[in-house]
Amino acid sequence: MAIERTFSIIKPDATRRNLTGKINAVFEENGLSIVAQKRIWMSTAQAETFYGVHKERPFFRDLVTFMTSGPVVVQVLEGENAVAKNRELMGATNPANAAPGTIRKLFAESIEANSVHGSDSPENAAIEIAYFFAGTEIVG
Ligand code: RTP
Ligand code: MG
């Protein structure tokens with residue numbers, strides 16, 4: 001299995017509750033290394049572009065408002081099968097449907113304030129990583 005990279009965001013509901021360390025521990029204890037990380041306050045324009053695929057969805061406006069409501073931690077995670085591995089660790093979008101032990105089951109407040117984002121494919125991971133990080137900021 002090849003070493004892969006994925007893009008992750010620790011969302012405002014989680015930074016607000018000081019959960020960054022606990023969430024990072026889940027990644028590190030499950031074979032994902034944090035090879036880049038920074039805490040930022042996303043602008044409305046950045047959030048709109050990042051979630052552009054959801055532009056027509058009814059929850060788009062709320063989602064942009066939520067993602068710009070406080071600091072987030074953007075990250076690059078590296079490990080075997082990192083994209084799928086991270087989706088598994090995150091759990092289902094709606095915490096009510098998330099498996100026991102997953103980050104969203106442990107920490108999410110709602111289907112929107114669900115603590116983490118993770119890329120859904122290696123192709124999107126590359127696009128999302130490049131949107132937030134320069135190559136020199138990623139140290140594998
Ligand atoms: P993510 O992109 O954040 O990793 O989450 P995901 O793939 O599990 O969910 P996605 O369908 O891509 O939706 C992106 C984010 O939008 C918010 N959402 N709100 N109110 C709603 O019905 C609703 N549905 C989705 C969540 O924050 C979700 O993670
Ligand atoms: Mg998604």
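As the structure lists them, so they are numbered: ligands from 1, and atoms in each ligand from 1.
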Q: Around atom 26 (C) of ligand 1, find the nearest protein heavy atom and jot down its residue, atom name and distance.
A: Ile111 O, 3.2 Å
Q | ring-ring contact (aromatic ring centres under 6.0 Å, His included) between Phe7 and Phe50, worked out | A | CA-CA 12 Å; Phe7 177 73; Phe50 182 73; 5.8 Å; yes
(Q) Under a 4.0 angstrom heavy-atom cut-off, which atoms of ligand 1 come close to Asn114? (A) 26 (C), 27 (O), 28 (C), 29 (O)
Q) Does ligand 1 have an atom under 4.0 Å from some heavy atom of Asp120? A) no
Q) Which atoms form the tightest heavy-atom contact between Ile40 and Phe132, and what is the distance? A) CD1-CE2, 3.7 Å
Q | Backbone of Met67 reached by a side-chain donor or acceptor of Tyr51 within 3.5 Å | A | no
Q.
I want to check a possible cation-pi pair here: Lys22 against Phe107, using under 6.0 Å from ring centre and within 45° of the ring axis as the test.
A. no
(Q) With respect to Arg57, determine whether any N or O atom, backbone or side chain, lies less than 3.5 Å from an N or O atom of ligand 1. (A) no
Q. If hydrogens are left out, which of Phe7, Phe50, Phe59 has an atom nearest to atom 20 (N) of ligand 1, that is, the closest non-hydrogen atom?
A. Phe59
Q. Between Glu109 and Arg16, is the closest basic N to carboxylate O distance under 4.0 Å?
A. yes
Q.
Looking at every non-hydrogen atom in both residues, tell me the closest pair between Gly118 and Asn86 and how far apart they are.
A. CA-ND2, 3.6 Å
Q.
I need the nearest protein heavy-atom contact for atom 6 (P) of ligand 1: residue, atom name and distance, please.
A. Thr93 OG1, 3.5 Å
Q | Residues Glu48 and Arg61 bridged, charged N to O under 4.0 Å | A | yes
**Q.** For atom 14 (C) of ligand 1, closest protein heavy-atom neighbour
**A.** His54 NE2, 3.6 Å
Q: Would you mind listing which atoms of ligand 1 come within a distance below 4.0 Å of any non-hydrogen atom of Glu112?
A: 26 (C), 27 (O)
Q) Which of the listed options, Glu128, His117, Arg104, holds the heavy atom that is closest to atom 5 (O) of ligand 1? A) Arg104
Q.
Tell me the contacting part of Tyr51 for ligand 1: side chain, backbone, both, or neither, using a 4.0 Å heavy-atom threshold, strictly below.
A. side chain
**Q.** For Lys11, atoms of ligand 1 separated by under 4.0 Å from a heavy atom
**A.** 3 (O), 26 (C), 27 (O), 28 (C), 29 (O)
Q: Mind checking whether Leu63 contacts ligand 1 via backbone (N, CA, C, O), side chain (CB onward), both or neither, at a 4.0 Å heavy-atom cut-off?
A: side chain
Q: Select one of side chain, backbone, both or neither to describe which atoms of Met67 lie under 4.0 Å from any atom of ligand 1, heavy atoms only.
A: neither
Q) Is a salt bridge present between Glu4 and Lys85, judged by a nitrogen-to-oxygen distance below 4.0 Å? A) no
Q.
Suppose I only count heavy atoms of Gly118 and a 4.0 Å limit; which atoms of ligand 1 are within that range?
A. 4 (O)
Q | Side-chain donor/acceptor of Glu29 to backbone N/O of Val26, under 3.5 Å | A | no
Q. Taking all atoms of both residues into account, what is the closest heavy-atom pair of Ala82 and Leu77, and its distance?
A. CB-O, 4.0 Å
(Q) Within ligand 1, which atoms have a heavy atom of Met90 less than 4.0 Å away? (A) 4 (O)
